[in-house]
2 protein chains.
Amino acid sequence: MAGQKIRNMEEFASVSGISRPTVSKYFNDPDSVRPSTRARIEAALEQHDYRPNIYAMNQNRKLTKNVGVVVPLLSDPYFAEIARNLEQRCIAAGYRPTLFSSHGDPALEVEVLDTLRSLKPAGVLLAPLGRASDRQALERFCADVPTLIFDSSVDQIGLAFVGSDNFQFTAHITDYLCRTGEPPCFFEMKTPANPNAHRRRQSYLNAMEAFGHAPNVVSVDGEGWAFEEIGRLGGHDALQQGRFSTNTILCSNDRLAIGLLTACYEQGVRVGRGKDCAIRVAGQDGHPHSRYTCPPLTTISHNYDAVSQTAAEALFTAIEGQVSPWKSTRLEGKLILRDSA
Amino acid sequence: MAGQKIRNMEEFASVSGISRPTVSKYFNDPDSVRPSTRARIEAALEQHDYRPNIYAMNQNRKLTKNVGVVVPLLSDPYFAEIARNLEQRCIAAGYRPTLFSSHGDPALEVEVLDTLRSLKPAGVLLAPLGRASDRQALERFCADVPTLIFDSSVDQIGLAFVGSDNFQFTAHITDYLCRTGEPPCFFEMKTPANPNAHRRRQSYLNAMEAFGHAPNVVSVDGEGWAFEEIGRLGGHDALQQGRFSTNTILCSNDRLAIGLLTACYEQGVRVGRGKDCAIRVAGQDGHPHSRYTCPPLTTISHNYDAVSQTAAEALFTAIEGQVSPWKSTRLEGKLILRDSA
DNA sequence: ATCAATTTTTTACGCGCGTAAAGAAAAATG
DNA sequence: CATTTTTCTTTACGCGCGTAAAAAATTGAT
């Protein structure tokens, strides 16, 4: 860190003893220059700490190294966690990730895509809002920008889809619940934000039929992304009205389950698999918080690492020129047994 | 949206009938041109949807419209929520926010600041990691970039500090607990990540002295930002070893309380203010999740809106030229009574 | 209508870098 | 060693826009 301050690549090139175009080439891809040249540049880099002006860089490059990461709701730790994971993978692969959240609002999602477009990203990892998304806006965006859809699939949009196998999720945990006690009721939102919810309900119905049990879907009112509150209020209603036909409740997702647990507590209904417990409650997602509910929540967890790795790698190979047909990858979840069911 | 595609400001200027420098002036500040001119530009804007190239824009502007928002841990819904709030305020004020998280890692925090520096932001809203932060790196950054520190104060760095009044927080809730039952023990991490924790402990000691009660600080081991797990494990130990001298526990923060509640559940200790409950537990922060614990957590909540509004406005006025001396603003919290205490 | 103040137009340059082309130098090959 | 291949240097242009300066046009008030 000695020497005078470097103002631009011209100056840096001269102190490093390499021509500017070669230095430019190095910053675009360090492997594209001879090892000895690379060493000289990196030696100079250590002495003079210079960083290329990203604005001048991106202005002329046909493709930037920017990658957008978009999630529907960043205040949901599940998305925050997966976003963090994706972010790290982008950095490791030499890209510059930028994080966006639609905050549950379709209009904001469109705005995010517009902002993203002006960033001229090399690619985008997008978890759409789902049902509320502006389909056409998504399609137009995907036509312009290499976009990989994750978490929640919308038609056959983008380069590919990577997410969890919701059928397997629900089939697996329904199976577990049936084998260990009364068959579950299914607790869900009447108008879920996320298309995954429909798959889970269908999978529940299939699994129950396979077992020869009568299904019981309890759908509760509520719009938006405040799932806990929807689960709590809906849970109160359902409990008071005796809408649960068995002592076991499988929730469409963990956040709904968390709200339902609160409702149970508030009604004095003991939850768990102990003798003294009235009902069992299970969730789905492996939400970061599910470990700390009371009782800790039995759930089926996304394979966070595998989903984000598959998604990131698929995007990167697409960016780097590999053309492959649209593909949907759905990864299995892992049952996490805790005290609630 | 008719007409041919606009490639650059030159073309847009010609279709709008205004000269390019004036159009440029408009995009920099719509109010800087005559209303009639502005109307003509905006009319053209509706017909031709053109957006200036942000890279070319930012390259030459002395000051960009970028604002960095940095939080220590985005997967903590508290920070996610405040980040969302700040983001919206930036957009409303005509800035372009970019969100960063240090993910609890001091090295990452430094990297974030480096990345941010190359974005040449007009200003930064920074919630530092706290104790683990690289003080020197923070100072250097603040010397280069107008930075407003929020949530957790580090010396007298940056333009100003805006956060909550931790003394008031703890004094207020300690007061409540003392008046409604046994005086509280104080449950905290031995080596807290955040300097606010020290203020809260001190405030607890002061309050207890004022009441003439003997204080009892229970400090538990654990490094990092997995507060729930630290609270759970520490809670198990403390409960088993009988380290709580009264039936009331005030936790240094809500996430620790959430972990402690789980420990209580796992040990079969009933929490709440009912006759059949063994202990009372209270938290501090008004964490988004605190409503849904079992029992719902009594806590003292940050004034999210006021903190983010004060922080954002202070930054904007500083960016817009107002020089004012360093100042610390600490906002009071509001007690939220629920069933846990 | 007249004059001053404000705003816009015209003209021109530069920002920092990508990138293309042609020639020089270095490395690899035989 | 001569030859081919690869890499680097030199030179040069352009990207899209900010911005400065001087001239022209518009506005507002007298």
Side-chain angles (χ1 to χ4, degrees), chain A residues 4-45 48-66 94 96 117-122, chain B residues 4-45 48-66 94-96 117-122 319:
Chain A
Q4 82 289 14
K5 275 198 185 133
I6 308 292
R7 317 184 127 273
N8 53 38
M9 196 180 278
E10 196 76 54
E11 288 188 16
F12 176 74
S14 76
V15 300
S16 70
I18 305 287
S19 72
R20 188 177 68 75
T22 303
V23 170
S24 170
K25 204 152 171 274
Y26 164 83
F27 279 113
N28 195 359
D29 176 7
D31 283 323
S32 67
V33 300
R34 201 191 301 148
S36 63
T37 311
R38 177 172 177 171
R40 288 173 66 191
I41 293 176
E42 283 170 353
L45 219 42
H48 295 277
D49 98 306
Y50 155 79
R51 300 183 66 168
N53 180 313
I54 58 169
Y55 297 113
M57 252 178 70
N58 289 333
Q59 173 172 23
N60 303 315
R61 248 213 267 283
K62 19 192 150 231
L63 224 56
T64 69
K65 291 274 184 184
N66 296 334
R96 290 179 26 92
R117 213 189 288 263
S118 72
L119 282 180
K120 297 183 183 172
Chain B
Q4 82 289 15
K5 277 201 183 131
I6 307 293
R7 316 183 127 274
N8 53 37
M9 196 180 278
E10 196 75 53
E11 288 189 16
F12 176 75
S14 77
V15 300
S16 70
I18 305 289
S19 73
R20 188 178 67 75
T22 303
V23 170
S24 168
K25 206 153 170 276
Y26 165 83
F27 278 112
N28 194 359
D29 176 10
D31 284 323
S32 68
V33 302
R34 203 189 299 148
S36 63
T37 311
R38 176 172 177 173
R40 289 173 66 190
I41 293 176
E42 283 170 355
L45 219 41
H48 295 276
D49 100 304
Y50 155 79
R51 299 185 66 169
N53 179 312
I54 59 168
Y55 297 114
M57 253 178 67
N58 289 332
Q59 174 173 22
N60 303 314
R61 250 215 265 282
K62 19 194 150 227
L63 224 55
T64 69
K65 290 275 184 185
N66 296 335
Y95 294 97
R96 289 179 27 92
R117 212 189 288 264
S118 72
L119 282 179
K120 297 185 186 173
I319 288 175

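Because the structure is a prediction, the values reported are computed rather than measured.
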Closest listed nucleotide, where the reference is the side chain of A:Tyr50 and the choices are C:dT9, D:dC15, C:dC17
C:dC17

Give the rounded distance in Å between these two atoms: OH of A:Tyr55 and P of D:dG18.
13 Å

Verify, without hydrogens or angle tests, whether B:Thr64 (side chain) and B:Lys120 (backbone) share a donor-acceptor contact under 3.5 angstrom.
yes

Measure CG/B:Asn58 against C1'/D:dC15 and give the value in whole Å, please.
15 Å

Which atom pairs, donor and acceptor, lie under 3.5 Å between side-chain atoms of residues 13-20 of chain B and protein residues at least two apart or in another chain?
| from | atom 1 | to | atom 2 | distance (Å) |
| --- | --- | --- | --- | --- |
| B:Ser14 | OG | B:Glu11 | O | 2.9 |
| B:Ser16 | OG | B:Phe12 | O | 3.1 |
| B:Ser16 | OG | B:Ala13 | O | 3.0 |
| B:Ser19 | OG | B:Thr22 | OG1 | 3.0 |
| B:Arg20 | NE | B:Glu10 | OE1 | 3.4 |

If you take all heavy atoms of B:Tyr55 and A:Leu119, which pair is closest and at what distance?
OH-O, 2.6 Å

Taken to the nearest whole Å, CZ/A:Arg51 to C1'/C:dC17 is 16 Å

5'-most by nearest nucleotide on DNA chain C - B:Val33 or B:Gln59:
B:Val33

Roughly how many Å is it from OH in A:Tyr26 to C1' in D:dC8, rounded to a whole number?
17 Å

Need one value for B:Phe12: base, sugar-phosphate or nothing, where a base atom within 4.0 Å counts as base even if backbone is also close, heavy atoms only.
nothing

What is the distance from CD1 of B:Ile18 to C1' of C:dT9, rounded to the nearest Å?
10 Å

Could you tell me the separation between the CD atom of A:Glu11 and the P atom of C:dC15, rounded to a whole number of Å?
11 Å

For a quick test of reading the model: is some side-chain N or O of B:Thr22 closer than 4.0 Å to OP1 or OP2 of C:dT8?
no

Nearest heavy atom decides the nucleotide; on that basis, is B:Thr37 or A:Asn53 closer to the 5' end of DNA chain C?
B:Thr37

For B:Asn28 against B:Lys65, the heavy-atom pair lying closest together
O-CE, 3.6 Å

How does protein contact run along nucleotides 19-30 of chain D, one letter per nucleotide 5' to 3', with B for base contact, S for sugar-phosphate only, - for none, heavy atoms under 4.0 Å?
BS-----S----

For B:Arg51, look at atom CZ and say whether over 12 heavy atoms of other residues, nucleotides or ligands are found less than 6.0 Å away.
yes

Please give, in whole Å, the distance from D:dG16 C1' to A:Leu119 CG?
16 Å

Please name the pair of heavy atoms, one in B:Met9 and one in B:Pro52, separated by the smallest distance, quoted to 0.1 Å.
CE-CB, 4.3 Å

For A:Met9 and C:dG16, what is the distance between atoms CE and C1' respectively, to the nearest whole Å?
8 Å

Inter- and intrachain pairs under salt bridge (Lys or Arg N to Asp or Glu O under 4.0 Å), touching residues 21-35 of chain A, at least two apart
A:Asp31-A:Arg38

